[in-house]
Amino acid sequence: MIENFIHFIKKYCQVVSLDIDKTEAQANRDRLQIAVLKLYYGLDGKTRSVKEISLLKDISGQSVRTRRSDALKTIKSLLESDEQKDIYEYRKDQVDEFVQELRLKKVLSLTELKSIILHKYETSYEENEGYFNLIFDVYGFTIRRPITHYLSENTFLVCDENIDVNEFIDIAYNVYIEIESNIIPIEDDDLIIGIRSKQSKIKGDQIILAANTIDEVESFDSHGKKYFQIKFHKLSAATDMAYRILFNNGSKMKLTEILKEINHALVNTPRKRITKLSLNNQMNSVDKFTPLGRTGVWTLTEWGEENLSIFDLITNVLNHFNEPLFRQKIIDHIRKDRPFIPAKSIDACLYNKRFIQLDNNKFILSDWKDLYKEKITKKKKSSRSQRDNMVKDQIKKAALNMFNENNLTQIHLSIIANKLNKDFDYPKASIYKCISENPEFQTIETKSNKKIVTMKLSKESEEQPTKATSVFVSYSWESEEYKEKVISFTNFLRQKGFMADMDVKLMQEESATDFNQLMHEGILKRDKVIVLLSETYKKKAENFEGGVGKEYSYIIKDIKKNPSKYIFASFEDVNTALIEKIAPIEFSSRHIVSLKKDENKNFMELISKLTDAKQYVFSDVASSTPITEQREIKPFTLK
């Protein structure tokens, strides 16, 4: 088809350029028309704008538009008539078939158009783009690329003259927002109801047309119904991806299973691989997910499954049967509903002080000990070296569990000692000794003389380190001195193991930077965003001025959805008076990290926010509360 059309246009240009039976003015006019046609559509090379053509041909912009319009009318008249087809050597039916197919679709994306051209006509749109655009203009089709960033990767071809292009783009925007907000597939009827409940004037067929046209949206049929959903790699956050994986699976999954499915779905897409640490941190910060104890298994909160520790599960089993139980029966009963919990983990928890083993090897709750005094196992004496080794091994395992279960990389030594002493009655001296002698731990001393314990990486983990948390540092350009301080701060974060970026770093890596895209991707595609507040930042933000204003507008919309993603900080000492000066109104009620104060604590507050690590490890809730003695009220008398 396109070869036939190209031949027709070349023949048309030859015929119109002939000077036979023309005045000099007519000949010059026709030659100019052909020159404008070739330049505008790039038929002999690069496409040129109206302004560029006017400069090249020394004519006005209006004259360029008139010559192009005249050429389009003449070409359309020739294509719709059979009178001169022998002169121009074209097959009208081929072009008609192509145009009719596009009109039936009414609107289609450039991606769909390219697919039709490639598979049906076995040619490339890019190689003949100028000629295809000429066909579209001849028949009044409109190509438009939306300005809104949600649809910025789309290009629409509107082939129905009854469709208002601007109105269709508005509809497409609303459809995209409605489908994206659902995360999971939305039925076509629900999509129509959702949009028309807000804008009743939009017709249902226009909504479905837009949904079928947007590149980021995919559809499928199930049980006689049509569903739409945002393509997986276009979901804005890792938590949205995890939600869809869990929803589609229909039951709880291990974090590693969720991660595996996410990264498999991201293969051959522009999105970067998600790391386990990043996914775990983000899922912990969103209340639509519930971790099942400390097993690494997650469920959707809407499914109503309780988050119980293994201690709670054992307690529930004993309360359920209301009698002493053998170890295996307890394990089997728990694993019947939660097979993902390792038997050895349940077994280890049985020896916590919450439970007591009887002389017949059955277990009871410690609260029941008065009922089974005579059956409680008498502990055998062992040699001191045996006891020491046993305690040392138990302390090591308990300490490792504190790191793993709380997803921490470092804990104060005093916190470890206090918790293990309280939960397991290990002597503090033994805990200090075990930590100092065990090669898996490393103790460092802070400037304030506090000791912090970190886990040493194994050889395997050193060889295969996990991907660092990505961080984007946002700030307002003020002075050269302030910019240098931000550069130094960003480099400090990279030295601490965070994949930190800022505008200066990204601009020097790309020769032609799109500032809006840089800002948008910096916020959207990073795990964390540090916003450095200052008086200039506040002023620009509240006036929605420049990049800061656009960024402020985006954060306001996104922070409710991803509250733990944003960290507000200042290089100065933060107090009430300073907050009024540097914090825009939407940020004024949020916590601001004082980097100057935090430096004295080895930036513990900042790092804990970047890693979503807990600074304090709280004890598990005891199974009973203290009983207070009630005082007797004496009879009233004045004697």
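Using modelled atom types, one side-chain atom of D527 and one backbone atom of S470 make a donor-acceptor pair closer than 3.5 Å. For R273 (side chain) and N263 (main-chain N/O), no donor-acceptor pair under 3.5 Å exists by modelled atom type. Judged by distance alone, with hydrogens and angles left aside, the side-chain atoms of T611 form a donor-acceptor pair with the main-chain N or O of I607 at under 3.5 Å. In this structure, the side chain of N249 does not engage the main chain of I245 through any donor-acceptor pair within 3.5 Å. In this structure a side-chain-to-backbone donor-acceptor pair under 3.5 Å is missing from D347 to A343. R354 places no side-chain N or O within donor-acceptor distance of the main-chain N or O of L365, the cut-off being under 3.5 Å.
Residue K231 qualifies as enclosed at atom NZ: its count of foreign heavy atoms under 6.0 Å is above 12. Atom CG of N268 is surrounded by 12 or fewer heavy atoms from other residues, nucleotides or ligands within 6.0 Å. For K397, the NZ atom is loosely surrounded, since the number of other residues' heavy atoms within 6.0 Å does not exceed 12. Dense packing is recorded around NZ of K353, with more than 12 heavy atoms of other residues, nucleotides or ligands lying under 6.0 Å away. Under a cut-off of 6.0 angstrom, the local environment of CG in D287 is sparse, with at most 12 non-hydrogen atoms contributed by other residues, nucleotides or ligands. Other residues, nucleotides and ligands place more than 12 heavy atoms under 6.0 Å from the NZ atom of K561.
By the 30° and 60° cut-offs, the orientation of the rings of Y176 relative to Y150 is tilted.
None of Q282, K234, K288 except one satisfies the side-chain hydrogen bond (donor to acceptor under 3.5 Å, both in side chains) rule with D240; the exception is K288.
S570 OG to I579 CD1: the interatomic distance, rounded to the nearest 0.5 Å, is 9.5 Å. To the nearest 0.5 Å, atom CD1 of residue I214 and atom OH of residue Y173 are 11.5 Å apart. Annotation: the span from F441 atom CZ to K396 atom NZ amounts to 7.5 Å, rounded to 0.5 Å. The line from CD1 of I230 to CD1 of I186 is 10.5 Å long, rounded to the nearest 0.5 Å. Summarising the geometry, atom OG belonging to S564 is positioned 8.0 Å from atom CG belonging to N281; distances are rounded to the nearest 0.5 Å. Atom CG of residue D190 and atom CG of residue N182 lie 8.0 Å apart, to the nearest 0.5 angstrom.
Looking at every heavy atom in both residues, I262 comes nearest to A242 through CD1-N, 3.8 Å. Annotation for L235 and R271: closest pair O-NH1, 2.6 Å, computed over non-hydrogen atoms. Across G250 and W303, no two heavy atoms sit closer than the pair C-CH2, 3.6 Å. Pairing each heavy atom of H233 with each of P270, the nearest pair is CD2-CD, 3.9 Å. Taking all atoms of both residues into account, the shortest heavy-atom contact from F355 to T315 is CE2-OG1, 3.6 Å. Smallest separation of non-hydrogen atoms from A399 and I435: CB-CD1, 4.1 Å.
Between R590 and I559, the closest side-chain pair of non-hydrogen atoms falls below 4.5 Å. Taking the side chain as every heavy atom from C-beta outward, F289 and L300 approach each other to under 4.5 Å. Put simply, the side chain of I395 does not reach to within 4.5 Å of the side chain of Y432, judged on heavy atoms. When side chains are defined from C-beta on, L318 does not count as touching I364, because their heavy atoms never get closer than 4.5 Å. Considering only heavy atoms from C-beta on, F489 comes within 4.5 Å of L595 through its side chain. Side chains of I334 and I330 form a contact here, defined as non-hydrogen atoms less than 4.5 Å apart. Annotation: side chain of Y227 is not in contact with side chain of I184 (no heavy-atom distance under 4.5 Å). Contact annotation: the side chain of L606 approaches that of I530 to within less than 4.5 Å [non-hydrogen atoms, C-beta and beyond].
Remark: aromatic rings of F568 and F587 are close, center separation under 6.0 Å. Between F492 and F603, the gap from one ring centroid to the other is short of 6.0 Å.
Ion pairing between a basic and an acidic side chain is recognised when a charged N comes within 4.0 Å of a carboxylate O; K226 and D189 show no such pairing.
No cation-pi contact links K362 to Y372, judged by a cut-off of 6.0 Å to the six-membered ring centre and 45° from its axis. Geometrically, K528 does not engage F498 in a cation-pi contact, judged by NZ or CZ lying under 6.0 Å from the ring centre and within 45° of the ring axis.
Side-chain contact, D332 with Q328: a donor N or O sits under 3.5 Å from an acceptor N or O.
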Show your reasoning for whether side-chain hydrogen bond (donor to acceptor under 3.5 Å, both in side chains) applies to T290 and T301.
CA-CA 5 Å; T290 299; T301 304; 2.9 Å; yes

